[in-house]
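Starting from 1, each residue takes its place in the sequence as its number. Since the structure is predicted, the reported quantities are computational estimates derived from the model, not experimental observations.
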Amino acid sequence: MNRKQIIWLVLAAASFYALTYLTTWEFALFAMAMIGLHECGHLWAAKRCGLKTKGFYFVPFMGGIAFAGGKASSRWDTNFIAIMGPVWGFLVALIWAGIYLVTRDPIWAFAAFWGAFMNLFNLFPMHPLDGGQMGKAILGSINPWLGFAFEAASFVLACLVFVLTWQP
């Protein structure tokens with residue numbers, strides 16, 4: 001096992017532990033599956049845009065982060081990469097909702113609701129969420145300083161939300 005795989009496993013275990021500390025092991029499994037598939041959506045889009053991908057890591061108490069080798073060649077590609085995480089997440093939530101309709105097991109309804117909510121929240125226009133990445137790309141296409149100002153303001157907003165709510 002190489003160093004990258006060990007780091008991935010340690011972060012995945014830490015994320016699982018953090019989620020089970022806050023909730024249940026069942027919820028932790030659903031959350032990690034949703035986070036992983038969401039990040040895979042970003043990696044898939046990055047590959048479609050011609051970028052090499054380096055994988056993703058779970059981040060305890062935060063979710064996950066996907067890594068591409070390089071920057072997108074256009075703001076369109078940046079938006080495409082950013083939106084594909086939530087799109088994949090919503091598709092997974094729809095699949096889980098379908099499983100609920102067939103089985104009537106409430107755990108699947110909860111997983112579908114949580115997955116849809118997580119991906120909707122991720123579209124909030126705040127750095128470093130996907131909505132923040134898209135806002136920076138859109139406003140930056142109008143004026144680079146406007147994109148920078150949006151990113152700085154959304155980062156300050158994220159810090160304020162964290163400090164005022166004590167929620168990562």
Side-chain angles (χ1 to χ4, degrees), residues 4-5 7-72 74-101 105 107-138 150-151 154-155 157-158 161-162 165 167-168:
K4 183 179 174 182
Q5 292 169 327
I7 292 170
W8 193 92
L9 285 173
V10 167
L11 287 172
S15 293
F16 184 76
Y17 176 77
L19 287 165
T20 57
Y21 180 77
L22 297 172
T23 62
T24 66
W25 68 267
E26 296 94 343
F27 178 82
L29 286 178
F30 281 118
M32 290 190 68
M34 179 59 72
I35 292 165
L37 291 166
H38 173 104
E39 297 305 328
C40 284
H42 293 306
L43 295 173
W44 175 84
K47 284 183 181 182
R48 297 275 305 195
C49 293
L51 297 173
K52 292 183 180 182
T53 59
K54 297 181 177 184
F56 76 90
Y57 289 98
F58 289 102
V59 180
F61 297 106
M62 298 292 283
I65 185 167
F67 290 98
K71 292 192 134 208
S74 69
R75 298 199 192 276
W76 169 258
D77 286 352
T78 299
N79 283 323
F80 179 67
I81 293 167
I83 196 67
M84 278 298 110
V87 166
W88 278 40
F90 279 120
L91 291 175
V92 172
L94 286 174
I95 291 168
W96 288 348
I99 293 171
Y100 165 72
L101 291 174
D105 185 345
I107 191 76
W108 293 104
F110 179 74
F113 171 79
W114 185 86
F117 176 79
M118 181 198 85
N119 285 284
L120 183 62
F121 176 80
N122 207 295
L123 291 173
F124 193 73
M126 186 169 68
H127 181 79
L129 300 177
D130 295 332
Q133 300 297 321
M134 293 167 52
K136 178 186 172 195
I138 291 167
F150 173 82
E151 184 175 33
S154 69
F155 180 74
L157 176 63
V161 167
F162 177 74
T165 64
Q167 298 295 318

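Checking side-chain atoms of N122 against main-chain N and O of M118 turns up no donor-acceptor pair under 3.5 Å.
Taking all atoms of both residues into account, the shortest heavy-atom contact from A82 to M134 is CB-CG, 3.5 Å. Heavy-atom minimum distance, A116 versus A93: N-CB, 3.7 Å. Closest non-hydrogen pair, A28 versus T23, comes out as N-OG1, 4.3 Å. The two residues K136 and R75 come nearest to each other via the heavy atoms O-NH1, 4.5 Å. Taking each heavy atom of T20 and W25 in turn, the nearest pair found is CG2-CA, 3.5 Å. Minimum heavy-atom separation, G64 to I35: N-CG2, 3.8 Å.
Residue S15 forms a side chain to side chain contact (heavy atoms under 4.5 Å, CB included) with just one option from F58, Y57, F61, and that option is F58.
To the nearest 0.5 Å, the span separating NE2 on H38 from CG on L43 amounts to 10.0 Å. Taking CG of L51 as the reference point, atom CD1 of I81 lies at 5.0 Å (rounded to 0.5 Å). Distance check: F90 CZ to N119 CG gives 5.5 Å after rounding to the nearest 0.5 Å. Note that CD1 of I107 is 9.5 Å distant from CZ of F27, once rounded to the nearest 0.5 Å. Note that CH2 of W96 is 13.0 Å distant from CG of D105, once rounded to the nearest 0.5 Å. In this structure, CD on E151 lies 6.5 Å from CD on Q133, to the nearest 0.5 angstrom.
Contact of the D130 side chain with the H42 side chain is registered, since non-hydrogen atoms from C-beta on lie closer than 4.5 Å. Using a 4.5 Å cut-off on side-chain heavy atoms (C-beta onward), P86 and L120 make no contact. The side-chain heavy atoms of I138 and F150, taken from C-beta on, include no pair separated by under 4.5 Å.
Note on ring orientation: taking the six-membered ring where Trp is involved, the planes of W108 and F30 are perpendicular (angle over 60°, cut-offs 30° and 60°).
Remark: W88 pairs with C40, W44, M84 by the side-chain contact (heavy atoms from CB on, under 4.5 Å) rule, at least two apart or across chains.
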